Structures are given as structure tokens and as C-alpha cells.
Amino acid sequence: MSDTRSSELYRRALHVLPGGVNSPVRAMRAIGRDPIFVERASGAELTDVDGNVYVDYVCSWGPLIHGHAHPEILEAVITAAANGTSYGAPTAGEVELAEAVSARMPAVDMLRMTSSGTEASMSAIRLARAATGREKVLKFAGAYHGHVDGLLAAAGSGLATQGIPSSPGVPAGAAAATVVVPWNDEEAVKVAFAEHELAAVLVEPYPANMGLIPPAPGFLELLRDLCTGYESLLVFDEVITGFRVAPGGAQELTGVLPDLTVMGKIIGGGLPAAAFGGPAALMERIAPAGDVYQAGTLSGNPLAVAAGRATLALLDEQAYMSLSTTTRALADGLREAAGDHPISVTSTTGLVTVFFAAEPPTDYASAAACDLETYGAWCRALLARGVYPPASQFEAWFPSTAHTADHIARTVEAAAAAFAEVL
Ligand SMILES: *Cc1c(COP(=O)(O)O)cnc(C)c1O
């Protein structure tokens with residue numbers, strides 16, 4: 001496979017973009033290679049600037065649940081663009097998207113749109129602090145909620161990928177307002193509640209930024225009970241799980257209802273959009289209905305709203321059945337391809353992780369103990385065979401409704417060959 005043009009672009013990029021990229025994990029450093037520059041993509045397939053074609057399992061890290069350049073989503077965006085790209089005034093589309101979201105998400109009656117998941121989780125925390133009159137927020141090691149100052153402690157995702165425990169430049173006060181405990185650790189959570197006045201518990205209900213590590217049975221229920229008992233708010237970060245693991249996200253899948261929900265990725269259908277929402281009694285604290293300030297020049301942008309609406313409209317029962325079948329075929333196929341090697345595969349509808357460990361990790365510490373070097377070598381071997389995996393042990397694979405049985409079969413074959421090469 002040639003990489004002449006990618007290499008040339010990367011050399012130029014290093015002079016004008018820190019690390020050559022606009023978001024760290026794209027640099028592929030964790031798997032020991034240079035980044036691949038993309039020319040175009042369609043459905044489940046990505047073509048790089050050197051003409052190499054890959055079956056894509058990153059799909060923009062989650063937004064593209066229908067794959068790339070879906071004709072109906074494209075048409076919605078083109079139509080919206082022709083009518084003007086932004087007005088700074090409300091539109092019908094925003095009302096319709098908000099109605100569609102609240103119809104799907106059990107705990108969302110009212111929502112505020114933002115342009116990124118980072119802004120949405122930052123604003124949800126501000127609201128939780130205002131509503132409770134408390135400052136501290138509990139989060140889990142290895143969970144990612146965007147690059148908000150106070151939420152970067154032990155933040156998984158790109159930080160884990162780069163081996164950054166937490167970022168310099170975060171004020172001590174912001175870090176001190178965050179309490180971090182291990183995922184799935186009931187005792188540590190109980191101690192944290194007893195020791196701190198918590199405004200909120202911020203949780204990825206199916207964490208996918210330390211690889212996919214589902215909650216232990218009863219763990220989310222425990223968080224719900226403790227939040228209710230201590231009058232703290234339970235905030236689900238469903239930026240990845242929303243509209244993916246079930247139409248109503250992890251809150252529908254598990255039946256555990258949060259007080260506030262953070263959404264992103266799929267809600268913008270591949271354009272910049274995110275949101276946070278909850279019951280009217282809480283959400284009407286947000287300006288201009290209430291006194292908690294929150295705003296955005298491009299929030300509810302007509303192009304992103306059009307892409308989000310078209311994406312949700314395509315997510316019917318048939319789409320979830322197909323996504324579930326595809327996910328199961330991918331997870332089972334990867335397990336089979338690994339044979340007797342010490343590999344474990346976790347999955348739920350729309351999410352898969354291949355851990356280089358004999359037992360599936362249960363928290364960030366056990367995920368970090370995986371054989372990261374061999375994971376990297378395996379990813380390089382997959383790329384050489386036309387399969388594009390997440391370039392980090394700490395990110396999930398994102399199958400889409402555009403992945404066919406043939407894509408899965410090609411992937412499993414490439415995976416078996418790649419395992420044989422590196423193990
Ligand atoms: C991606 C992500 C975010 C941040 O969203 P951005 O749009 O990248 O700011 C927050 N939470 C989770 C769970 C995510 O996966």
C-alpha cells in the first residue's frame with residue numbers, strides 16, 4: 001500500500017498544526033504509525049489520498065451511524081445550505097429535532113443544543129451546580145466527557161491514548177471540584193458520597209472511551225439510588241450511547257433514568273451538534289427561561305439540525321435490527337478470529353472493543369493493563385489489509401447500518417490474518 005501523499009501532507013501539517021492534526025487520536029501515534037489523510041468516503045468505505053480503500057470502523061468516532069455520505073442525509077444538508085447556513089434566529093428544524101429527541105430519550109423532555117459534546121457536558125454540569133447549590137462532581141476514571149477543564153482528570157479516550165494522566169493548564173480549583181473513582185467500584189462510590197457534597201455524578205452509562213466496558217449488574221441502579229438519597233443529580237453522558245445502543249440510548253436499554261442527559265455525535269449526523277436535556281423543571285433554569293447562562297453563535301445550526309433530523313428519521317426499528325445483527329456478527333467473528341489467543345471482545349448494539357487481554361477489563365486500570373503494543377501492531381496489520389480500526393485500545397469500533405455481511409466477512413478474514421501475524 002502506498003502512503004506517498006499521506007506522508008507528504010503529514011510533513012506539511014507538522015509545520016502548521018500541532019502534531020499534524022486537529023484532534024490527538026487522529027495522529028495514530030498510539031499504534032506506532034503516521035496518520036492516514038482521507039480523500040473521501042461512502043457508506044462503510046473510506047478512500048485515502050493515496051487511493052487505498054478501507055472498511056471504516058471509526059466512522060468519525062460515532063456520529064455516522066448510517067455510514068458516510070448517506071444520500072438522504074446529504075440531500076437534507078444540501079437543501080438546508082441552499083437556504084442559508086446560519087441565521088442567529090430560531091428555525092422550525094430546531095423544534096422538530098428537539099421533539100424527535102424527546103420522543104426517543106425517556107429522561108429528556110426539554111433540551112438545549114450546543115455545537116460540541118464538550119460544551120454540552122460543561123453546560124449540564126453548570127446547571128447541576130446551580131440546581132443543587134453544590135460544586136463537586138463525581139466522575140469515573142477512564143470516562144471522557146469532552147475537554148472541559150474540570151473533567152480532564154483520568155479522562156480516558158485521547159488522554160489515555162497519549163498516556164496523559166490529566167492535562168497541565170487546568171486550574172487547581174477546577175481539578176479539586178472533581179472526584180474520580182474507579183468504574184464499577186461500588187465501595188469507592190459509597191465512600192465518595194459520604195465524604196463529599198456532590199452536585200452531580202457524571203457517567204457514561206456504557207463507557208466507550210476506555211474501550212467498551214459495560215456496567216456491572218446493579219451498578220447504574222446503585223448510582224441512581226445514591227443520587228436520589230443524597231439529592232445529587234445523576235447525569236448520563238450519552239454522547240456515544242444516545243440513539244446507538246437503543247433508540248432511547250442507555251437509559252432505555254437499562255431502564256435507569258438520569259436527571260440530565262448529555263447528547264452529541266449522532267444527534268448532529270456528522271455535522272457539529274450536541275445537546276443536554278432533562279425535565280422542564282430543571283431545564284427551565286437555563287437562560288432566557290431562567291438564570292443559568294448558556295449560549296452559542298452556531299447552536300442549533302440549520303445544517304447540523306438537518307443532518308441530525310435526517311439521521312434520526314432513518315433510525316427505525318429495521319435500522320436497529322440491522323445494526324444489532326451487524327454488531328453481533330462483527331463481535332462473534334473477531335472472537336472466532338482470535339481463536340485461543342488471549343483476546344477478549346466486548347460489545348453492545350453499535351459498539352465493539354477488542355481488548356488484548358485474556359479477561360475483559362472491568363475498569364480503566366484493567367483496560368490500561370492490556371497489551372497495548374500488540375494492539376498497535378495488530379491495528380497496523382489490519383490497515384495493511386484494508387480495515388480501518390480505532391487507532392487506540394481505549395476507543396470503541398463503530399459499526400454502522402452501512403456495514404454489510406460482506407464487509408464483516410472481509411474484516412474477520414483480515415483480523416484472523418493480522419492476529420496470526422502479531423501473536
Ligand atoms: C466525544 C465525546 C464527548 C465530547 O464530544 P465533542 O463533540 O468531541 O466535544 C463527550 N462525551 C463522550 C462520552 C464522548 O464520547
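Quantities reported herein were computed from a predicted structural model and do not represent experimental measurements. We count ligands from 1, going down the list as the structure has it; atoms in each ligand are counted the same way.
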Would Ile36 and Asp3 satisfy side chain to side chain contact (heavy atoms under 4.5 Å, CB included), going step by step from the backbone distance to the final call?
CA-CA 8 Å; Ile36 292 168; Asp3 65 353; over 6 Å; no
For Leu312, does its backbone N or O pair with a side-chain atom of Arg104 as donor and acceptor, under 3.5 Å?
yes
So, the side chain of Thr348 versus the backbone of Leu351: is there a donor-acceptor pair under 3.5 Å, distance only?
no
With a cutoff of 4.0 Å, is Lys265 in contact with ligand 1, counting heavy atoms of the residue only?
yes
Answer with side chain, backbone, both or neither: which part of Val262 has a heavy atom less than 4.0 angstrom from an atom of ligand 1?
neither
Does any donor atom in the side chain of Gln294 or Arg112 lie under 3.5 Å from an acceptor atom in the other side chain?
yes
Tell me which part of Val239 gets within contact of ligand 1: side chain, backbone, both or neither, using heavy atoms under 4.0 Å.
side chain
Aromatic plane relationship, Trp183 with Phe219 - under 30° parallel, 30 to 60° tilted, over 60° perpendicular:
perpendicular
Atom 9 (O) of ligand 1 protein-contacted, heavy-atom criterion under 4.0 angstrom:
yes
Side-chain heavy-atom pair Tyr57, Phe398 within 4.5 angstrom cut-off
no
For Ser116, the atoms of ligand 1 under 4.0 Å from one of its heavy atoms are 7 (O), 9 (O)
Just let me know how Glu204 lines up against ligand 1, side chain, backbone, both or neither, with a heavy-atom cut-off below 4.0 Å.
side chain
Looking only at protein heavy atoms, what sits closest to atom 11 (N) of ligand 1 is Asp237 OD2, 2.7 Å
